[in-house]
Student: 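Can you keep this structure in mind? I'll have questions shortly.
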Amino acid sequence: MDCGIITSKTVLLLLSLIFWAAGAALAYVGSYVLRSYSSFDNFLEDKYTLIPAAIIIAVAVVMFVIGIVGCCATLRESKIGLGFFLLIILIILAAEITAFVFGFIYRGKIKGDLEGTMSDVFQKYDGKNSETRAVDYLQTQLQCCGVKNYTDWTTRPWFSSHNNTLPVSCCKPNVTGCTGALEQPNLLNTQGCEAKLEQLLQDVLSYAMLVILGFAIIKLFGMLSVCVITCRGNRNEYQPLYA
């Protein structure tokens with residue numbers, strides 16, 4: 001059996017298995033991006049930043065089905081099946097490139113998005129509303145306080161209406177006796193939340209973009225293998241994988 005055919009079939013079979021594994025991995029990445037962004041959606045004005053995650057999850061679902069199609073088409077050397085497999089690879093590759101471009105675009109817009117909304121959310125903090133829950137969650141999870149730093153709270157209505165104290169969510173974890181008073185800076189998280197949240201969201205998108213790029217490179221090898229099998233098939237008779 002021709003070495004090129006063996007290699008190409010092996011690559012496509014591995015690619016089919018990778019499709020299943022990639023589907024699971026992309027589903028995890030997409031859900032991770034969605035969870036990360038939904039946890040802080042009060043601070044994000046532009047909801048279209050979730051587009052890359054939605055595309056990733058859609059691609060993951062399709063991959064599970066395509067893995068089966070690719071495996072069967074490769075073993076049978078079906079030109080129709082391989083042609084369909086190639087078409088699907090091209091479509092998924094285009095979707096991944098789109099997700100990569102969107103991720104690159106929105107990664108640069110995160111800072112401006114946060115600057116336009118975080119101050120408004122902190123300004124509405126009253127200890128009861130949804131903005132309060134969002135701010136407390138943010139400050140607790142990221143161990144930060146205020147937008148730029150903890151002194152930002154001195155300009156908020158909450159500070160003057162609560163005996164010049166900060167929310168207790170500004171307190172460092174596992175400390176006792178913290179009341180949010182400015183006179184206890186050693187008990188408070190002093191770094192602002194904007195920089196930490198920006199870094200977190202950019203890291204999440206960078207991770208997703210890296211995964212997308214890796215799978216796109218694998219698909220290029222798959223497309224080459226389909227072309228090799230199809231072209232050889234036009235000149236040679238059927239050659240089973242285990243001949």
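What you see below is based on every heavy atom in this structure, not just the backbone, and it leaves out hydrogens, waters and symmetry mates. Given the structure is predicted, the values throughout are model-derived calculations rather than measurements.
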Student: Are Leu187 and Leu166 co-members of a hydrophobic cluster defined by side-chain heavy atoms under 4.5 Å apart?
Tutor: no
Student: Give the cluster check for Leu210 versus Phe100: same hydrophobic cluster or not, with ILVMFWY residues linked at side-chain heavy-atom distances below 4.5 Å.
Tutor: no
Student: Side chain to side chain contact (heavy atoms under 4.5 Å, CB included) with Ile97: which residues, sequence neighbours excluded?
Tutor: Leu93, Val101
Student: Counting only heavy atoms from other residues, nucleotides and ligands, does the tally under 6.0 Å from NZ of Lys124 exceed 12?
Tutor: no
Student: For Gln139 versus Cys145, what's the shortest heavy-atom pair and its separation?
Tutor: OE1-CA, 3.5 Å
Student: Can you run down the side chain to side chain donor-acceptor pair (under 3.5 Å) pairs that involve residues 172-182, sequence neighbours left out, and say none if there aren't any?
Tutor: Thr179-Gln184
Student: Tell me whether Val147 shares a hydrophobic cluster with Leu182, the cluster being built from Ile, Leu, Val, Met, Phe, Trp, Tyr side chains joined at under 4.5 Å.
Tutor: yes
Student: How far apart are the C-alpha atoms of Met118 and Leu138, what are their side-chain angles, what is the distance that settles it, and do they pass the side-chain contact (heavy atoms from CB on, under 4.5 Å) test?
Tutor: CA-CA 11 Å; Met118 284 193 74; Leu138 175 71; 3.7 Å; yes
Student: Using side-chain hydrogen bond (donor to acceptor under 3.5 Å, both in side chains) as the criterion, list what pairs up with Asp203, not counting sequence neighbours.
Tutor: Gln199
Student: Report the residues that fulfil side chain to side chain contact (heavy atoms under 4.5 Å, CB included) with Asn149, sequence neighbours left out, ordered by chain and then residue number.
Tutor: Thr151, Asp152
Student: How far apart are the closest heavy atoms of Trp153 and Cys170, and which atoms are they?
Tutor: NE1-SG, 3.6 Å
Student: Under the side-chain hydrogen bond (donor to acceptor under 3.5 Å, both in side chains) test, which residues partner Ser206, sequence neighbours left out?
Tutor: Arg107
Student: Report the residues that fulfil ring pair (Phe, Tyr, Trp, His ring centres under 6.0 Å) with Tyr150, sequence neighbours left out, ordered by chain and then residue number.
Tutor: none
Student: Would you give the length of the straight line joining atom SG of Cys193 to atom CD of Gln141, rounded to the nearest 0.5 angstrom?
Tutor: 11.5 Å
Student: Going by side chain to side chain contact (heavy atoms under 4.5 Å, CB included), name the residues that satisfy it together with Ala95, two or more places apart in sequence or in a different chain.
Tutor: Ile55, Val59
Student: Just jot down the side-chain hydrogen bond (donor to acceptor under 3.5 Å, both in side chains) partners of Gln123, sequence neighbours excluded, or say none.
Tutor: Arg156
Student: Going by the angle between their ring planes, with limits at 30° and 60°, are Trp158 and Tyr125 parallel, tilted or perpendicular?
Tutor: perpendicular
Student: With a 4.5 Å heavy-atom cut-off, do Leu188 and Cys178 have their side chains touching?
Tutor: yes
Student: If the condition is side chain to side chain contact (heavy atoms under 4.5 Å, CB included), which residues does Asp126 pass it with, not counting sequence neighbours?
Tutor: Lys128, Asn129, Thr132
Student: Under 3.5 Å, side chain of Ser160 to main-chain N/O of Pro157, donor-acceptor pair present?
Tutor: yes
Student: With a 4.5 Å heavy-atom cut-off, do Gln191 and Leu142 have their side chains touching?
Tutor: no
Student: Got Ser169 and Thr140 here, is their nearest side-chain heavy-atom distance under 4.5 Å?
Tutor: yes
Student: Specify the closest pair of heavy atoms between Gly180 and Cys171, including all atoms of both residues, with the distance to one decimal.
Tutor: N-SG, 4.2 Å
